[in-house]
Protein chains: 2
Amino acid sequence: MARVRMSDVAAAAGVSTATVSMVLSGAGGDRISAATQAKVREAAEAIGYAPNSVARSLRTQRTRMIGLISDSIATTPFAGRMLAGANDAAREHGHLVVLVDTDGDPAQERQAVEALTGQRVDAMVYARMWHQVVDAPAGLAEGSVFLDCRPAHGSWPAVVPDDREGGVAATRELTAAGHRRIAYLDAPAGGVVASALRHEGYRQVLAEAGIAPDPALHVRGETDAGGGRAAAEELLDLPADRRPTALFCFNDRMAMGAYAAARRRGLRIPEDLSVVGYDDQQLIAAELDPPLTTVALPHYEMGRWAMEVALGERTADPDEPHRMPCPVIRRESVGPPPPARASR
Amino acid sequence: MARVRMSDVAAAAGVSTATVSMVLSGAGGDRISAATQAKVREAAEAIGYAPNSVARSLRTQRTRMIGLISDSIATTPFAGRMLAGANDAAREHGHLVVLVDTDGDPAQERQAVEALTGQRVDAMVYARMWHQVVDAPAGLAEGSVFLDCRPAHGSWPAVVPDDREGGVAATRELTAAGHRRIAYLDAPAGGVVASALRHEGYRQVLAEAGIAPDPALHVRGETDAGGGRAAAEELLDLPADRRPTALFCFNDRMAMGAYAAARRRGLRIPEDLSVVGYDDQQLIAAELDPPLTTVALPHYEMGRWAMEVALGERTADPDEPHRMPCPVIRRESVGPPPPARASR
DNA sequence: ATGAAAGCGCTAACAT
DNA sequence: ATGTTAGCGCTTTCAT
């Protein structure tokens, strides 16, 4: 790599390294004469000088690197856009991101914190692939920020999707179309914080619309297509007067399964059955037939937000997670309820 | 962050920093007495010493960081497992990866190379989201390695999927089941190197099986579900005696569209029509009904390979890309051709 | 078996 | 307006 040092530039320009440092770092704008500045820049250019950030970091105690620890953002095809948001924000502020994927293994997390601390990153972001409550890794510095998760204990800034409002928006999409028998195809019970929050949102909308919640319309299944299909079948096998006219699915994969169940029964979407998903997974939502109306997770924006607070470009309350809105993506899977069951 | 330095450990242990350095770096195994070693370790532990990698790097001229420049691996949900492979290999050898996503923008690439060079990363990996031939970014150091792409000019180690053999494997899956009228749903003409390679493999298998290639069975479409569907429709509208009994699709998304086209015509998969995809995209291949037989891209292995040569743990020919095998993933979308057209 | 001392390449007081 | 100088925290000869 580059072998030429600042002293070489200084020699070539006939000035001291201090002068070179000042002009090249821009700090000497007013202190160094224009002529000298030009001379220095030319010399640097001519001999192909590239500053050594390691030396600078040692001196300034700032590395312009941000550590990003994740359970598996990088390795799974899901929340990658969080990285994009974080990366963009870092770049815009002249920082680099050092990424460590730990598979969610606490031992690896501890090592990651250690390695990143050793490299003296200016700050750390701790990210999860999906919204959850986590134990902070051992040794995580104050000033770190949580991305798509929040710490069970301790006080750190955090950003998570506003899953409650997402549940509201999804359900409202359905009540607005005229539905009153709306099912919620939920994730398995326990642990999944998004599941409970979306359910809250769902119930709130029903209440506002004066719809009595029917426990039979709240079913659970694995969060994949198979689970969604099984759950949807259970629902569609209900007697006609108790059967839902619309399905709010915990995620797009379950919605995909619900499509399959509807298809088996000869039900058309959205004419006979309306469906709303969650996640806006491009590979599914946009390519389903018909394209799926869904609620998007603001991954990119959350990644940006987290990086901006890590960089100190934005302040945040360390005791209350920032909830990022989840926009509805309208496509073609929602319509009015079928006439036969449109009125009660 | 940690404020305690090696001199603090030295003082606490009553030895010199040289001694501390030796024992803590393991280099003093035979030179320092066991008693002193223990004393030093205890002192370090007691006062919570954590070495400063920046200072070490300045001194040793090695940062134990590898730069990874990608067009958008991190930001799109596709080739993320390349990152996992790279990350795992780096970790196993005590290195960290500094990730920069450039969106494929040459200006950003140049900046990335510059920033990474400035940080004195020990090596760089240049990755693309899908197999392509690229112009190396300006200033890319010798010794860098190309991941999922190969340089149009210049001499660098590179790793790409063996798309030709993948095409062979996919097609053979179909001839082995007894098919003779096998269509290739290709990507649009031009540029996509994988497209041509897979086509070569396809033709080779036909030739080996003594099947005369029918130009009507080579159709092209956009590489999404819509394109696959249109291409499949064209094929399925052929007169019965010319219609294919099996479809080899450029990717899983096109296969998804082919499923839709088949469904519209009342064709069952695999009883009436066999389908093979490419990519093994979990969200699609495994969740389609029936699950799709496909060819997997060895993303994880390629990521690992690239990182290992970047780390110098593996040697590679800089003038010939390493071709990584693409395994067939057998699921349920391939069967024998329907009886009516089974024989020629 | 251990210590002294010279830097790695840069920045930032402080001088001039 | 520019130069001198003292480190940042560590590793590594070379001495002892």
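Computed from a predicted structure; not experimentally measured. Here is the naming used below: chain letters follow the sequence lines, and residue numbers restart at 1 for every chain.
- Among the atoms of the strands shown, only primed sugar atoms or phosphate atoms (P, OP1, OP2) are found under 4.0 Å from some heavy atom of B:Val15.
- Taking 4.5 Å as the limit, every side-chain heavy atom of B:Ile66 sits out of range of all side-chain heavy atoms of B:Leu96.
- C:dA4 atom P lies 15 Å from atom CE of B:Met22, rounded to whole Å.
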Show each protein N/O and nucleotides 14-16 of chain D N/O combination with a separation under 3.5 Å, one pair to a line.
none

Close N/O contacts between protein and nucleotides 5-8 of chain C (under 3.5 Å):
residue: C:dG7; atom: N2; partner: B:Arg59; partner atom: NH1; Å: 3.3
residue: C:dC8; atom: O3'; partner: B:Gln61; partner atom: NE2; Å: 3.2
residue: C:dC8; atom: O2; partner: B:Arg59; partner atom: N; Å: 3.4

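- Between B:Arg304 and B:Glu313 no salt bridge is recorded (no basic side-chain N to carboxylate O distance below 4.0 Å).
- In this structure, B:Thr36 reaches the sugar-phosphate backbone alone: every heavy-atom distance under 4.0 Å involves primed, P, OP1 or OP2 atoms, never a base.
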**Q.** Stepwise side chain to side chain contact (heavy atoms under 4.5 Å, CB included) check, A:Thr63 with A:Gln119
**A.** CA-CA 8 Å; A:Thr63 53; A:Gln119 293 286 0; over 6 Å; no

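- Comparing the local axis fitted to the first five base pairs of the helix from C:dA1-D:dT16 to C:dT16-D:dA1 with the one fitted to its last five gives a bend of 40°, rounded to 10°.
- Proximity of B:Pro298 to B:Met324: side-chain heavy atoms (C-beta onward) are separated by under 4.5 Å at one or more points.
- Rounded to whole angstrom, the span from the CG atom of A:Asp8 across to the C1' atom of C:dG9 amounts to 11 Å.
- Taking 4.0 Å as the cut-off between side-chain N and carboxylate O, B:Glu109 and B:Arg128 count as a salt-bridged pair.
- Between A:His299 and A:Phe78, the ring-plane angle classifies as perpendicular under the 30° and 60° cut-offs.
- Checking each of A:Val113, A:Thr117, A:Asp135 against A:Leu140 for a side chain to side chain contact (heavy atoms under 4.5 Å, CB included) leaves exactly one that passes, namely A:Val113.
- Here A:Glu114 pairs with A:Arg110 in a salt bridge; the nearest charged N to carboxylate O distance falls below 4.0 Å.
- The side chain of A:Thr19 places an N or O atom within less than 4.0 Å of a non-bridging phosphate oxygen (OP1 or OP2) of D:dG3.
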